[in-house]
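Since the structure comes first, as structure tokens, the remarks are kept for the end.
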Amino acid sequence: MPELPEVETVRRGLAPVMEGQVIARAEIRRPNLRWPFPDGMAQRLAGQRVLRLRRRSKYILCDLGSGETLIIHLGMSGRMLIHTPEETSTPGVFQHIHPAPEKHDHVIFEMDNGVRIVFNDARRFGAMDLCLTDQAEFHKMLASLGPEPLGNAFDEAYLIAAFKNRGSPIKSALLDQKLVAGLGNIYVCEALWRAHISPEAKTKTLSAKRTSSLVPVIRDVLLEAIESGGSSLKDYRQADGELGYFQHSFAVYGREGEPCRTLDCKGKISRIVQSGRSTFFCRRCQR
DNA sequence: CTGCACGCCTGCCCGC
DNA sequence: TGCGGGCAGGCGTGCA
């Protein structure tokens, strides 16, 4: 999926066209994504004002006037694309040219202002569900998530405690959403490279100092990626259809065999598989 | 409890 | 050109 920076970029793109607007109509074009849509989703969304869009980890939370919240997850390949009505030759008169739904357009929100938001997800690992807004944090998709990496609860003391007594490689620990919520394969690889820590290092063997060094490194890489509009690989687009460009800043991800970018390091980037997923790192400067 | 393999889906890219 | 295999940003389940 899009990881935290991509989801945050999507949220920021959607907020100006959705917040404060009413969902005139919701079109659900298939019965499910990863799981069945909730009962009566289209009717429960129609006529509801979007109070605000929030993000928790890699989930977008859409708070509605009805007191319900629409939880959206983009899975691996989900996109939210905005179609804006076009102004005709008469100033102030807008015309909505309905683009024919494309392959894998599964859900379409039509807002009162004529803007359409299309959820497209080829692999259908994405999900949507509705719950009461004040119960959202207890929803089963969100209940066991760890702290936000950009929030105050994610600090040096927390990470040291979380790593203690854990025997797993640090790569898999950081991918564990219960430990910290929102990192994925790309940003874990990038953060470990910045911290000069081997993805194979066992968490409990790391010194407090090295563990602590990861906290600002994780924050920095996520914030820089958000600033860049996220990373665009095969599927991801910002909500306005633009590409993010953080992929040009990758130090290790997807760079197998290429030179390490650490100053004065003459290493080459290796690819290994951990827990069935590719890990990219430099054996020379990551220990 | 932990750690890991697997399945869910489609599309793309590479080698033959 | 076609086909098979491997790969892909996630996450829940089930097993040891």
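Residue numbering restarts at 1 for every chain, and letters A, B, ... go by the order of the sequence lines.
- Taking side-chain N and O atoms only, A:Ser275 has a distance below 4.0 Å to OP1 or OP2 of B:dC4.
- Phosphate contact (OP1/OP2 of B:dC4, side-chain N/O of A:Arg277, threshold under 4.0 Å): absent.
- Here C:dG9 presents its C1' atom at 12 Å from CD of A:Gln177, a figure rounded to the nearest Å.
- Rounding to whole angstrom units, NZ of residue A:Lys103 and P of B:dC9 are separated by 15 Å.
- Close to B:dG3, at under 4.0 Å from its OP1 or OP2, lies a side-chain N or O of A:Arg166.
- The side chain of A:Lys58 places an N or O atom within less than 4.0 Å of a non-bridging phosphate oxygen (OP1 or OP2) of C:dG10.
- The distance between atom CD of A:Gln274 and atom P of B:dC4, rounded to the nearest whole Å, is 9 Å.
- A:Tyr253 comes within 4.0 angstrom of sugar-phosphate atoms only, judged by non-hydrogen atoms across all strands, and of no base.
- Here A:Ser77 does not reach the OP1 or OP2 of B:dT10: none of its side-chain N or O atoms lies under 4.0 Å away.
- A salt bridge does not link A:Asp105 to A:Arg116: none of the charged nitrogens lies less than 4.0 Å from a carboxylate oxygen.
- Considering only side-chain atoms of A:Met76, the nucleotide from B:dG3, B:dC9, C:dG9 that sits closest is C:dG9.
- Side chain to side chain, A:Lys171 and A:Asn185 meet the donor-acceptor criterion of an N or O pair below 3.5 Å.
- Heavy-atom distances to DNA chain B give each of A:Arg34 and A:His104 a nearest nucleotide, and the one nearer the 5′ end belongs to A:Arg34.
- Checking side-chain atoms of A:Tyr59 against main-chain N and O of A:Arg54 turns up no donor-acceptor pair under 3.5 Å.
- Helical stems in DNA chain C, defined as runs of 3 or more consecutive Watson-Crick or G-U wobble pairs with donor-acceptor distances under 3.5 Å: B:2-8 with C:10-16, B:10-16 with C:2-8.
- One atom, CZ of A:Phe163, and another, P of B:dT2, lie 14 Å apart when rounded to the nearest Å.
- With distances taken from any side-chain atom of A:Phe125 to the nucleotides B:dC9, B:dC4, C:dG9, the minimum falls on B:dC9.
- The local environment of CD in A:Gln135 is crowded, with over 12 non-hydrogen atoms from other residues, nucleotides or ligands closer than 6.0 Å.
- Straight-line distance from the CG atom of A:Asn120 to the P atom of B:dT10: 13 Å, rounded to whole Å.
- Across B:dC6 and C:dG6, the matching P atoms stand 13 Å from one another, rounded to whole Å.
- Classification of A:Glu148 and A:Arg55 as a salt-bridged pair holds, one side-chain N sitting under 4.0 Å from a carboxylate O.
- You'll find that the side chain of A:Glu3 is closest to C:dG9, out of C:dC11, B:dC4, C:dG9.
- The number of heavy atoms from other shown groups lying within 6.0 Å of CG (A:Asp134) is above 12.
- Within 4.0 Å (heavy atoms only), A:Gly167 reaches sugar-phosphate atoms of the nucleic acid but no base atom.
- Among the nucleotides B:dG3, B:dT10, C:dG9, the one closest to the side chain of A:Ser168 is B:dG3.
- Atom CG in A:Leu179 sits roughly 16 Å away from atom C1' in C:dC11 (whole-Å rounding).
- Per the geometry, CG belonging to A:Leu174 stands 16 Å off C1' belonging to C:dG9, to the nearest Å.
- Contact detail for A:Arg124 and A:Ser77: the closest heavy-atom pair is N-OG, 4.3 Å.
- Donor-acceptor pairing under 3.5 Å is lacking for the side chains of A:Asn32 and A:Arg34.
- Nucleotides C:dG9 and B:dG3 are separated by 22 Å at their C1' atoms, to the nearest Å.
- Of the candidate nucleotides C:dG12, C:dC7, C:dG9, C:dG12 has the atom lying nearest to any side-chain atom of A:Trp35.
- Between A:Lys178 and B:dT2, a side-chain N or O to OP1/OP2 separation shorter than 4.0 Å is absent.
- Rounded to an integer number of Å, the gap from CZ of A:Arg30 to C1' of B:dC8 is 12 Å.
- A close approach under 4.0 Å does occur between a side-chain nitrogen or oxygen of A:His73 and OP1 or OP2 of C:dC11.
- Listed nucleotides C:dG10, C:dG9, B:dC9 differ in distance to A:Arg124; the shortest reach to its side chain belongs to B:dC9.
- A salt bridge links A:Arg12 with A:Glu8: the closest approach of a Lys/Arg side-chain nitrogen to an acidic carboxylate oxygen falls below 4.0 angstrom.
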